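Written out below as structure tokens is the structure these notes cover.
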Amino acid sequence: MRYSHKLSDAVHVLAYVQIGAGRDLSSKKIADSIDSNPSVVRRLMALLVKGGLLTTHPGTVQPKLSRPATAISLLDIYRVVEGDSPLLHVDDKTNPQCIVGGNIQTTLNKLYDNVQTAAEAEMAAASLQDIIDDILTQAKAKQMI
């Protein structure tokens, strides 16, 4: 199974832009931090700009958060990069004639809806600033700053 890293990479980009303000914020430099390709970072940044979380100006390498990090929640970022996609997905190709296959989708959909609601509430409570503060605390403990 392949996992999407789009949310964590988007948070990474936004945190890097805020922490690295005034330094080299080129897509290459950010890609080096993510261990990714600059074109992937540029596409992700374009998505964040379109979603209203990041601002850029053509001809400059100075992206900025569109609002304070305290006013950007993890849920905001999730919705920009994942849209309305749920966290969990039910396999819709089961045998409807089987006692399990014929009933599991309804059962799991109810449970997954509850998980989605709880996850969104947690993401709404976590700000980008909370994440940045934790990154800086960890970096200080490791004597990286």
Side-chain angles (χ1 to χ4, degrees), residues 1-21 24-58 61-142 144-145:
M1 172 183 278
R2 190 159 195 270
Y3 298 102
S4 171
H5 298 113
K6 215 185 309 187
L7 176 60
S8 63
D9 288 349
V11 172
H12 192 133
V13 167
L14 294 169
Y16 193 96
V17 164
Q18 183 67 13
I19 292 169
D24 182 0
L25 297 177
S26 66
S27 57
K28 171 152 182 22
K29 193 71 170 175
I30 296 170
D32 287 345
S33 180
I34 296 175
D35 196 19
S36 184
N37 185 300
S39 64
V40 171
V41 170
R42 285 191 293 274
R43 283 192 302 270
L44 189 52
M45 289 176 77
L47 192 61
L48 294 168
V49 167
K50 184 178 178 187
L53 300 180
L54 194 65
T55 60
T56 59
H57 300 286
V61 186
Q62 297 174 340
K64 294 180 180 157
L65 300 182
S66 63
R67 55 186 188 254
T70 55
I72 298 174
S73 73
L74 184 57
L75 182 59
D76 295 332
I77 304 166
Y78 172 77
R79 287 189 173 146
V80 165
V81 298
E82 298 293 346
D84 292 330
S85 296
L87 292 168
L88 304 172
H89 307 275
V90 174
D91 183 355
D92 60 353
K93 296 177 188 166
T94 57
N95 182 351
Q97 304 306 315
C98 171
I99 189 169
V100 176
N103 296 290
I104 195 164
Q105 292 146 341
T106 303
T107 299
L108 286 179
N109 276 326
K110 287 188 284 187
L111 178 63
Y112 288 2
D113 286 347
N114 291 339
V115 169
Q116 184 77 32
T117 300
E120 287 184 9
E122 287 292 321
M123 288 190 286
S127 75
L128 178 60
Q129 189 63 55
D130 296 332
I131 295 166
I132 290 169
D133 290 346
D134 193 57
I135 290 168
L136 294 173
T137 298
Q138 290 182 59
K140 188 174 183 181
K142 294 177 185 176
M144 297 174 83
I145 56 172

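Here the structure is a predicted model, which is why all the values come from computation and not from measurement. Heavy atoms only: backbone and side chains are in, while hydrogens, waters and symmetry mates are out. The first residue in the sequence is number 1, and the count goes up from there.
- Between the side chain of Ser33 and the backbone N or O of Lys29, no donor-acceptor pair lies under 3.5 Å.
- Rounded to the nearest 0.5 Å, atoms CD (Gln62) and OG (Ser26) are 12.0 Å apart.
- Around the CG atom of Asp35, the shell of radius 6.0 Å holds no more than 12 heavy atoms that belong to other residues, nucleotides or ligands.
- Rounded to the nearest 0.5 angstrom, Leu75 CG and Leu7 CG are separated by 9.5 Å.
- Leu108 CG to Lys110 NZ: the interatomic distance, rounded to the nearest 0.5 Å, is 10.0 Å.
- In plain terms, the two heavy atoms of Gly20 and Leu25 that are nearest each other are O-CD2, 3.5 Å.
- In summary, the side chains of Ser73 and Asp76 do present a donor paired with an acceptor at a separation below 3.5 Å, with no hydrogens or angles considered.
- For the pair Asp134 (side chain) and Asp130 (backbone), a donor-acceptor distance under 3.5 Å is absent.
- Formation of a donor-acceptor pair under 3.5 Å by the Ser127 side chain with backbone atoms of Ile72 is not found in this model.
- Here the closest heavy-atom approach between residue Ala10 and residue Val81 is recorded as CB-CG1, 3.6 Å.
- The CD1 atom of Ile132 lies 13.5 Å from the OH atom of Tyr16; values are rounded to the nearest 0.5 Å.
- Of the inter-residue distances, the one linking Asn37 atom CG with Asp32 atom CG reads 10.5 Å to the nearest 0.5 angstrom.
- Partner of Arg67 under the side-chain contact (heavy atoms from CB on, under 4.5 Å) criterion, chosen from Leu54, Leu128, Leu53: Leu53.
- Side chains of Pro63 and Met45 form a contact here, defined as non-hydrogen atoms less than 4.5 Å apart.
- Considering all non-hydrogen atoms of both residues, Gly101 and Gln105 come closest at O-OE1, 4.2 Å.
- Residue-environment remark: CD (Glu122) stays at or below the threshold of 12 foreign heavy atoms within 6.0 Å.
- For Gln116 (side chain) and Leu87 (main-chain N/O), a donor-acceptor pair under 3.5 Å exists by modelled atom type.
- Residue Ile30 holds its CD1 atom at 9.5 Å from CG of Leu44, rounded to the nearest 0.5 Å.
- Between Ile77 and Val11, the shortest heavy-atom contact is CD1-CG2, 3.9 Å.
- Considering every non-hydrogen atom in both Val80 and Leu47, the closest pair reads CG1-O, 3.5 Å.
- A donor-acceptor distance shorter than 3.5 angstrom exists from the side chain of Ser85 to the backbone of Glu82, with no hydrogens or angles considered.
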- Task: Could you give me the CA-CA distance, side-chain angles and deciding distance for Lys28 and Arg42, then say whether side chain to side chain contact (heavy atoms under 4.5 Å, CB included) is met?
- Result: CA-CA 9 Å; Lys28 171 152 182 22; Arg42 285 191 293 274; over 6 Å; no
